[in-house]
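Accompanying notes for the structure given below.
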Amino acid sequence: MIDVRLLRQDPGGTRAALMRRGDAAVGEAVDAVLELDRRWRALVSETEGLKAERNAATEEVARRKRAKEPADELLASLKVSADRVKGLDTETKALEAELHETLLRIPNIPHPDTPTGPAEANRVLRACGEVPAFAFTPKPHWELGQTLGILDLQRGVKLSGSGFPVFTGAGARLVRALANFMLDLHTVTHGYVEVSPPYLVTRATLTGTGQLPKFEDDLYGLPTDDLFLIPTAEVPVTNLHRDELLEAGVLPLAYVAYTPCFRREAGAAGKDTRGLLRVHQFDKVEVVRLCRPDESAGEHELITAHAEEVLKRLELPYRVLELASGDTGFSAARTYDLEVWSAGVGAWLECSSASTFTDFQARRASLRFRPAPGAKPEFVHTLNASGVALPRTIAALLENNQAADGSVRLPKALVPYFGADRLLPQ
RNA sequence: GGCGUGGUGGCCGAGUGGUUUAAGGCAGCGGUCUUGAAAACCGCCAAGGGGGAAACUCCUUCGUGAGUUCGAAUCUCACCCACGCCGCCA
């Protein structure tokens with residue numbers, strides 16, 4: 001949630017910054033907020049003046065009662081003003097609710113350094129690793145997965161529909177090996193605290209990180225209990241300290257969680273969704289950091305480096321993109337995407353997104369800290385990065401490391417976790 | 001699912017209609033004392049919001065929402081959550 005006061009102080013500049021996202025509806029929402037805020041403040045002033053009068057008169061009644069003096073004529077006039085206060089209060093609350101609801105649908109302000117424009121304006125910051133060359137035509141992972149006997153897409157369809165892959169045998173073991181490898185890297189080497197959170201969360205939790213109220217259609221929901229399956233561990237983990245006031249000394253907080261993620265991904269199937277490219281359920285290791293506002297720029301580089309380290313150790317060629325204003329997610333101010341090269345599909349696949357949310361999520365979730373003993377509480381800054389998502393990483397591992405005989409070499413870092421250095425056709 | 005108990009500031013905890021402008025304690029901050037520290041003692045110390053250049057001032061908040069009342073932490077109703085016991089269960 002953006003700060004209403006910022007909108008008040010600099011409506012033109014804030015509006016212009018938000019318009020860089022290229023969404024005309026945002027401008028309308030901003031205008032609506034400005035108008036609602038103006039009306040709300042006028043109403044609050046009026047109501048509060050009346051309340052101050054009422055409270056003073058109420059105190060006078062109490063004084064007279066104690067002194068056993070008559071207060072009947074005062075009580076009669078109070079009855080009238082009490083009704084007016086009640087009416088104004090109802091009006092104020094309705095306006096406040098509308099203002100809040102509108103504000104919740106306004107995205108974060110893009111960082112000034114993000115390129116302006118749609119996804120085409122994304123900027124490649126750097127590339128790392130060698131794109132492999134093949135003496136034969138490399139196969140896509142859905143073919144390799146089948147010949148290796150580790151990926152069963154058809155039976156997944158039988159169980160749950162398309163987009164629910166089944167990993168079997170060495171495939172299931174590979175999933176487990178990758179998860180353990182990443183968790184060990186982030187906990188032991190990078191110093192994150194491991195969290196195993198709930199996979200079902202409330203509306204309040206999803207509102208805290210920004211998925212609700214605007215993106216309910218992207219989520220799997222359980223209407224009976226009004227709970228939702230998490231689309232990412234970011235949601236439960238960022239909300240761990242919701243409605244808390246943290247001591248400055250505990251920051252930065254660093255958490256890592258391995259969870260399944262559930263996304264409806266409404267839209268037609270096609271070549272972008274084949275195999276493991278876009279699925280409704282997938283596993284992901286996620287790193288989350290909460291820090292002081294003055295640390296967040298450095299923390300963003302750090303969390304990105306932590307995600308990159310996973311790909312380096314897996315010996316996967318990747319590149320880092322800075323997302324343009326129009327491609328940056330609703331809650332994020334600035335995002336770096338990590339894209340891994342996948343030789344079989346011949347494309348860069350997004351396998352991590354490292355974002356800083358400034359105080360946008362902290363404001364929604366009331367994540368605060370006290371900068372110094374006795375000082376006013378401030379909002380923390382939140383950040384997260386996938387470290388990393390499994391399916392596309394598996395696709396890249398299979399496709400980049402395939403041999404002509406259909407076998408697949410595994411990177412050294414994974415061998416102790418997997419227990420072998422090759423996957424062999426069945 | 002049934003019955004019961006409870007939800008109060010950063011934390012603990014008192015408080016059954018009007019000096020509660022929420023007692024007291026812990027933590028924190030400042031001071032006295034001390035070579036320094038500790039202890040002891042004294043003082044300060046909730047959050048959110050409106051108005052104001054500022055000093056300041058006003059409003060709201062005791063799980064959430066509605067109600068009774070001139071006035072609600074306190075009374076009424078609904079809901080949520082936690083804990084305990086019973087039932088069911090990996």
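Proteins get letters first, then strands, A, B, ... in listed order; numbering begins at 1 in each.
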For nucleotides [N] and [M], find the distance between their [atom1] atoms and express it as a whole number of Å.
N	M	atom1	value
B:rU34	B:rC44	C1'	23 Å
B:rG17	B:rC88	P	45 Å
B:rG63	B:rA72	P	15 Å
B:rA40	B:rA55	P	37 Å
B:rU69	B:rU74	C1'	13 Å
B:rG10	B:rC62	P	13 Å
B:rU68	B:rG51	P	31 Å
B:rC56	B:rA73	P	28 Å

Euclidean distance, atom [atom1] of residue [X] to atom [atom2] of [N] [Å, nearest integer]:
X	N	atom1	atom2	value
A:L246	B:rG28	CG	P	18 Å
A:K93	B:rU61	NZ	P	8 Å
A:R368	B:rG9	CZ	P	13 Å
A:D226	B:rC79	CG	P	16 Å
A:L50	B:rU60	CG	C1'	15 Å
A:K51	B:rG71	NZ	C1'	13 Å
A:L43	B:rC58	CG	P	21 Å
A:D243	B:rU61	CG	P	18 Å

RNA chain B: 5'-proximal contact among A:G49 and A:K376 (nearest heavy atom): A:K376
Nearest-nucleotide 5' precedence on RNA chain B, A:L245 against A:K79: A:L245
Using a cutoff of under 3.5 Å, can you pull out all pairs of nitrogen or oxygen atoms linking the protein to nucleotides 49-56 of chain B, with atom names and distances?
unit_1 : atom_1 : unit_2 : atom_2 : d
B:rG49 : OP1    : A:R5   : NH2    : 3.2
B:rG49 : N2     : A:E48  : OE1    : 3.2
B:rG49 : N2     : A:E48  : OE2    : 3.4
B:rG50 : OP1    : A:R8   : NH1    : 2.7
B:rG50 : OP1    : A:R8   : NH2    : 2.8
B:rG50 : O2'    : A:S45  : OG     : 3.2
B:rG51 : OP1    : A:R41  : NH1    : 3.1

A:T209: partners by side chain to side chain donor-acceptor pair (under 3.5 Å), with sequence neighbours left out: A:Q211
Set of residues satisfying side chain to side chain donor-acceptor pair (under 3.5 Å) with respect to A:E98, sequence neighbours excluded: none
Dot-bracket notation for RNA chain B, counting Watson-Crick and G-U pairs under 3.5 Å, with | for partners on another strand: ((((((((.[[[..)..(.....]]].(((((.......))))).((((((....)))))).[[[[[..)....]]]]])))))))....
Going by atom type alone, with no hydrogens or angles, which donor-acceptor pairs under 3.5 Å involve a side-chain atom of residues 222-232 of chain A and a protein atom two or more places apart or on another chain?
unit_1 : atom_1 : unit_2 : atom_2 : d
A:D226 : OD1    : A:R203 : NE     : 2.9
A:D226 : OD1    : A:R203 : NH2    : 3.1
A:D226 : OD2    : A:R203 : NE     : 3.0
A:T232 : OG1    : A:E234 : N      : 3.0
A:T232 : OG1    : A:K284 : NZ     : 2.8

Other residues, nucleotides, ligands: >12 heavy atoms within 6.0 Å of A:K214 NZ: yes
Distance below 4.0 Å between A:N55 side-chain N/O and B:rU60 OP1 or OP2: yes
Phosphate contact (B:rC29 OP1 or OP2) by A:R370 side-chain N/O below 4.0 Å: no
Are the side chains of [X] and [Y] in touch, meaning some heavy atoms are under 4.5 Å apart?
X	Y	result
A:Q426	A:L148	no
A:R313	A:P411	no
A:V288	A:T382	no

Any donor-acceptor N/O pair, A:T168 side chain to A:G149 backbone, under 3.5 Å: yes
Test item: A:D243 side-chain N/O and A:S366 main-chain N/O as donor-acceptor pair under 3.5 Å: no
is_close_aromatic(A:Y255, A:Y192), centroid dist under 6.0 Å: no
Proximity of A:F360 and A:F330 rings by center, below 6.0 Å: yes
Side chain to side chain contact (heavy atoms under 4.5 Å, CB included) between A:T114 and A:E322, intermediate numbers included: CA-CA 7 Å; A:T114 55; A:E322 163 149 30; 3.5 Å; yes
Plane angle bin for A:H306 and A:H190 - parallel if under 30°, tilted between 30 and 60°, otherwise perpendicular: parallel
Minimum-distance nucleotide to A:A52 side chain [options: B:rC59, B:rA47, B:rU60]: B:rC59
Contact residues, residues 82-89 of chain A to RNA chain B [heavy atom, < 4.0 Å]: A:A82, A:K86
